[in-house]
Amino acid sequence: MIDPRLLRDDFESVATALARRGYDRDDLVALAELDDRRRNLVAEVDQARAAQRSASKAIGQAAPDERQAMIDAASALKTRVGDLEVQLAEVEREHAARFAPVPNLPHPEAPDGVEGDGIVLRTFGERPAFDFEVRDHVELLESADALDLARAAKVSGARFAYLKGEGALLEFALVRYAIDVAMRHGHVPVIPPVLVREEAMYGTGFLPTDEQQIFMTRDDDFYLVGTSEVPLAALHMDELLDEEQLPIRYVGYSPCFRREAGTHGKDTRGILRVHQFEKVEMFSFVHPDLADAEHERILSIEEEIFTGLGVHAQVVDIPVGDLGASAARKFDIEAWLPGQDAYREVTSCSNTTDYQARRLKARIRQREGDNLLVHTLNGTALAVQRAIIALVETHQRADGSVVVPVALQSYLGREVLFAR
RNA sequence: GGAGGCUUCGCCUAGUCUGGUCUAUGGCGCGGGAUUGCUAAUCCCGUUGGGUCUUUCAGGCCCUCGAGGGUUCAAAUCCCUCAGCCUCCGCCA
């Protein structure tokens, strides 16, 4: 959620910033008016309640024979408070519903544009060259019996997979490798809940805007998380953090569930886009002044992890038109996938400034000055399925075996995968 | 799944049976100050969080006793729903 007070105090800068994301100025005018209406009504209700309270209080000290008249008078005041409260509740409801979908203010340095207009900041790793016909991850993994898509389709449907044998071992190795790198940089490992309540989904900004992407349970009011960003962010929901505790850094490992609504026919082959995947995710709570630096820091850890996997990739500064609701700025790493002859997103790292914190009510108690909202940042350490694709396609050999990068060898216990 | 107990302003705690003097008690911790002097002690003051208004170095008012509803002129206190914690039974990895 954006700050209603900022909208009131500096309407122009909010309107200008959100215009970059294509947000309609007239909608903001309406929101500002709604906010005024709410504040006026709050003042009125408070006043009415003060009158009623003092009337009621006097009754307690009054002589018995005076009481009935006073009670009658207080009853009238009560009716007025009740009427105003009903009006206020209606306005509050509208206020919450109308402010919630407003996206975060973009970072001044985030580039303009829409999907596809991202700016490539740099590339790293060597782009692989092959003197044989390249296989894609499906061919490589299936022929080694490390992946079973057909039976997953039977059991669960399209966009599901079994990882088996060395495929399953590869997941454990990659996960532990990524967690170790993140831990070396001060992130505390966490296995979070993946079924969460509505507050957590709302607080992280996935509701209401991404509702169509989220799985939900039928008989219990749980949502399945699409990323452990949700339970990691919500970890400090409703908390007042001491300044000295910051920064707080986590690295979570969890399955992720996405409905992939609206992606029919897109990336249907293999495990690039599936309904259930596993991901190692970094998450930081920091003082606002340090958010930009933390964003760079998380990005550099992501680069370290993928550099260790010997993968060629590019770092992209995502344009404002392609940001999720909660992000002010986002960097993606796109790895080169030889099987597709293209760069594809393997990590994503967002600075959500105070947007999630305002909704989650996660604040900082400062030694001096007022409490303030903490800033939150998240970034993919390693998305297992996509990392597997990049890894096996990059390091494949003519016979279908795959050379294991040195950084991963000790985790996997072997130097070559899929050897015959 | 069943039975019972519990949740109070950082932490601990009084208050709930019997509604009004609760503007929530006391201790610890923390912040500020005073006094005496010797590895400290004593005393005083302050210390939940949020909203809103004003003539904004400040003050007023409202909300906040796990959350939400209800009863009442009046709710920490009575009633209902929900959540969490604890104990026991059942089940289970």
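In what follows, chains are A, B, ... by sequence order, proteins preceding strands, each numbered from 1. These numbers come from the heavy atoms of this one structure, side chains and all, not from hydrogens, waters or symmetry mates.
- Closest of all the heavy-atom pairs between A:Asn351 and A:Thr353 is OD1-N, 2.9 Å.
- Only the C1' atoms considered, B:G49 is 42 Å distant from B:C38, to the nearest whole Å.
- Applying the ring-ring contact (aromatic ring centres under 6.0 Å, His included) criterion to A:Phe331, with sequence neighbours excluded, gives A:His295.
- Base pairing analysis places B:A76 opposite nothing; no Watson-Crick or G-U wobble pair with both distances below 3.5 Å involves it.
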Open item on the list: Across nucleotides 50-60 of chain B, 5' to 3', mark each nucleotide with B, S or - according to how protein heavy atoms within less than 4.0 Å reach it.
Closed with: SBSS-------
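- Checking B:A14 for Watson-Crick or G-U wobble geometry (two distances, each under 3.5 Å) identifies no partner in any strand.
- Across residues 85-97 of chain A, not one residue has a non-hydrogen atom less than 4.0 Å from an atom of RNA chain B.
- Computed from coordinates, the A:Asp242 CG to B:G49 C1' distance equals 14 Å when rounded to whole Å.
- What separates CZ of A:Arg49 from C1' of B:U23 is a distance of 17 Å, to the nearest Å.
- Between A:Met237 atom CE and B:A67 atom P the separation is 14 Å, expressed in whole Å.
- Judged by Watson-Crick or G-U wobble contacts below 3.5 Å, the nucleotide B:C92 has no partner.
- Both distances falling under 3.5 Å, in either a Watson-Crick or a G-U wobble arrangement, place B:C43 opposite B:G33.
- Across all strands shown, nothing is found opposite B:C65 as a Watson-Crick or G-U wobble partner with both distances under 3.5 Å.
- Nucleotide B:U21 forms no Watson-Crick or G-U wobble pair with any nucleotide shown, as no partner meets the under 3.5 Å limit on both distances.
- Listed by chain and number, the residues in a side chain to side chain contact (heavy atoms under 4.5 Å, CB included) with A:Arg135 are A:Glu139, A:Leu140, A:Gln396 (sequence neighbours excluded).
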Task: Protein-to-nucleotide contact annotation, 5' to 3' order, nucleotides 71-83 of chain B [B base; S sugar-phosphate only; - none; under 4.0 Å, heavy atom] - done: -BBS--------S
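- Side chain of A:Ser228 to backbone of A:Tyr253: no donor-acceptor contact under 3.5 angstrom is found.
- Nucleotide B:G4 has B:C86 as its partner under the Watson-Crick or G-U criteria, with both atom distances under 3.5 Å.
- With sequence neighbours excluded, the residues that form a side chain to side chain donor-acceptor pair (under 3.5 Å) with A:Arg98 are A:Glu94.
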